[in-house]
Structures are given as C-alpha cells and as structure tokens.
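Step one of this worksheet: look at the structure below.
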Amino acid sequence: MRFMFKTDYEDDIRLFPHSGYIVTYGVLLALLLIAPHVLSSYLMSQLVFVCIYAIVGVALLILTGFTGQASLGHAAFLAIGAYTAAYLQTYNVPFPVYFLAAGLLTGIIGAMVGFPALRLTGIYLVIATISFALIVEEILARWESVTHGNEGMRVKTLSLLGVAVPRDSPTFYYLCLAVLVLTIVGTLNLLRSPTGRAFVAIRDSETAARSMGVNVALYKVKSFAISAAITGFAGVLFAHKLSFISPEMFTLQLSIEFIIVILIGGTFSLHGAVLGAIFIVMIDPFLTYLKDDMPGIIAGIAATFGASTATAGNIQSNVAAFASLNGLKGAIYGIIIVLFVLFEPLGLYGRWLKIKLFFQLFPLYKRATFKRQKIYVKSERNR
C-alpha cells in the first residue's frame, strides 16, 4: 500500500501522483501502439470506434461530470463537426485546416447554445439540448445545397501531408489514438487550472461558487464551448471512419449512447470515458454474436440434453427471432442504465476504485466507505 504525503501545492496538481502511474500508462500505451501488428482488421476497426467514442465521452464529462450541466444533444455537435469536414473537403481544404475549423465552428455553436441555457437546470436543460439536436437534424435534412439532404455526403479518404490515410489503415488508428491521448491530457490540465476548478465548484454548488467570486454564467458557456469543440474534432474522425454521413446517423439514440458511455464508465472519471466507450462499442458485436451464433449453440445444448430435432429447431428459430427484434438494442441500453443507477452509480471506474481500496485496506475495509452522508446545510438547498 502506497501512502502519499503532499507537502506543497505542486504535489496536489501533479499530473502523475507517483512513478507507478508513469509505468502503468507507459505499458498501456506500448500495448496500444503494437495493437495494429497483432490484432485483426475487425478488432482494429472496433478500437478506432472506441477512441472516437472515448473522445466524445471526455467532452461530455467536461460538461456533465465536471460542470454539472446535463446534455442530450452531443450527437448534434458530432454531426456539425462531421459535416464541416465533408463540406470543406469539396473545396480541397487540407486536413489540418478543416480539422481545426470543425472544432472551432462546433465550439462557437456550443457557446451559442450555452447562452440561452444559462437560466435552465435539470430536466429543462435536457429538454433544451434535445430540442437543439432535433433542430440540427432537421437542418441537415433540409439544407440540401450544403448537406445534400437525406441523400447524405461522401467523405473522401483522409490526406495527411500529401499521403492518403485509408480509414482501415494503422495510420488512421494512430491518428485517432493520438487525438484521444491529447484530449485526455489536455482535459487533465484543464481540470488542474483555475477554469477546471471553477467548473467543479459550479457542479458542487452554484451558490458557493458565486460566493467565491466565480462568474457562473461565463464558465457555463465556456464548458459548453469546450465540450462542443472536442466533440467536433471527434466528428471529423467519425466522418472519415464511416466515409459516408447522413442525417439519420446523428439521432437522439446516438446522444443517449454517449450518455451511457459516461454513466457506465463513471461520471467523474476520464478513465471511465474509455471504459464506457469499450463497453458501448462491444454491444453491436455482442448482438451480432447473439443473432448469428447463439441460436445454434443453444439448440445444440438442447439436443445434448435429449431434445428432439424438431424441438431443437424450434428453439433455434425462437432464439434467432428474439435476437433479431428491432428494439432489443434499446432494451439493453435501458437495462444497463437501470442496473448501473441502482447498483453502481460511480460506474466501472468506481467499481475498480472499490476493489483497489478493498485490497489496500484489507481486512479493515468497511462497506460504507463510499456511501454519501445525507447531511446538508441550509445553503445547499439552492444548489
């Protein structure tokens, strides 16, 4: 068990609390760097989606996890970034330019959304962000001169420094990984800065933040802008990975998936964004396995236990029909949300912290360690 004694302010804001973090992250980064040489193309494609979803998860954490502002409209910001890249490509704008332009434009629009949302909290803010997402989806479908409407837009192969970077190439994976690493490191530095501490103060108590001189309105708008800009960067990578975009790709369900990313991973942890992204990306392969392979396996087990050929065939057809239901994915999302809210509000990263603390304190660990005391002062009634 390692005891950390902080003797000055630099110890409190250090990027890596001790050398063990450097070794752990170094090994993890080395494994990710050699992944294209040992994994199949399918798994590499899934890793790319993990990187993209994790970038959006980090962006959403800045707004929701660290500033306390709810949002169900991040699919719209992703769409703005993707369509900005696709549109500027038609004018042969180089990748670095339209990549930065997509983030800048999305950040400006995010700030514009943040201004009218200043007077909204809770469910009313959620409704406002849903309305924004629906408006963006409608604009994408109707503004045919720019977005080609429901026909969608083809996204050309990414060209970096005059070299084509196909969406299935290791170079594209390394690009997505680099953007994710820079996003995480930049967010860590943001949270150690006065701006990040103001975000957390607003999340914990707006009344207390105002009493300490924090301009709540300004920092809420900043949070919206930064979160939207990072999501815009992810939108560019998303567009290149799919190579084709259309309005029906950026629906409310995609925004809900982003919420599930941070809910499963952990609402207050950047590590949780990566864990949640891995979980969400693996849902589709699981459904494919459930539809293609599981019926045969279950029918084989039934036959092993004495079921007739006709009975095994009926079981296989029933399982296949169940796995092909249109609403199965949404039902799985709903069950996941309910289970995590009821049994693990801190997400997968919170569960990892509890496991780690259990072994650190064993046999003195107490089950009530992570329970929040329901004791409030009068000033917190106006949070």
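- The environment of Met112 atom CE is sparse: at most 12 non-hydrogen atoms of other residues, nucleotides or ligands sit within 6.0 angstrom.
- No salt bridge links Glu137 with Arg142; every basic N to acidic carboxylate O contact stays at or beyond 4.0 Å.
- Counting only heavy atoms from C-beta outward, the side chains of Asn150 and Pro247 approach each other to under 4.5 Å.
- For the atom pair CG of Leu61 and OG1 of Thr187, the computed distance is 8.5 Å after rounding to the nearest 0.5 Å.
- By the criterion of side-chain heavy atoms lying less than 4.5 angstrom apart, applied directly or through intervening Ile, Leu, Val, Met, Phe, Trp or Tyr residues, Leu104 is not grouped with Val236; the two fall into different hydrophobic clusters.
- Side-chain contact between Val58 and Val274 is absent, with no heavy atoms from C-beta onward closer than 4.5 Å.
- The side-chain heavy atoms of Gln89 and His240, taken from C-beta on, include a pair separated by under 4.5 Å.
- By the 4.5 Å heavy-atom criterion applied to side chains, Pro36 and Tyr174 are counted as neighbours.
- At distances below 3.5 Å, not a single donor-acceptor pair connects side-chain atoms of Ser243 with backbone N or O atoms of Ala239.
- Note on Val179: it clusters hydrophobically with Leu161, by side-chain heavy-atom contacts below 4.5 Å among ILVMFWY residues.
- Counting only heavy atoms from C-beta outward, the side chains of Leu60 and Val261 never approach each other to under 4.5 Å.
- For the pair Leu88/Val97, no side-chain contact is recorded, criterion being any heavy-atom separation below 4.5 Å from C-beta on.
- The hydrophobic clustering, which links ILVMFWY residues whose side-chain heavy atoms are closer than 4.5 Å, places Leu177 and Leu182 apart.
- A side-chain donor-acceptor contact under 3.5 Å links Ser246 and Glu248.
- Hydrophobic clustering, with ILVMFWY side chains joined whenever heavy atoms are under 4.5 angstrom apart, groups Tyr42 together with Phe49.
- With a 4.5 Å cut-off on side-chain heavy atoms, Met294 and Ile298 count as touching.
- Between Phe250 and Phe77, a ring centre-to-centre spacing not shorter than 6.0 Å is recorded.
- Side-chain rings of Tyr87 and Tyr83 stay apart, their centers remaining 6.0 Å or farther from each other.
- Leu218 and Ile108 fall into different hydrophobic clusters, where Ile, Leu, Val, Met, Phe, Trp and Tyr residues are linked whenever their side-chain heavy atoms come under 4.5 Å apart, directly or through other members.
- In this structure, a donor-acceptor pair under 3.5 Å is present between the side chains of Ser45 and Lys241.
- Residues His74 and Leu63 meet the side-chain proximity criterion, which asks for heavy atoms closer than 4.5 Å.
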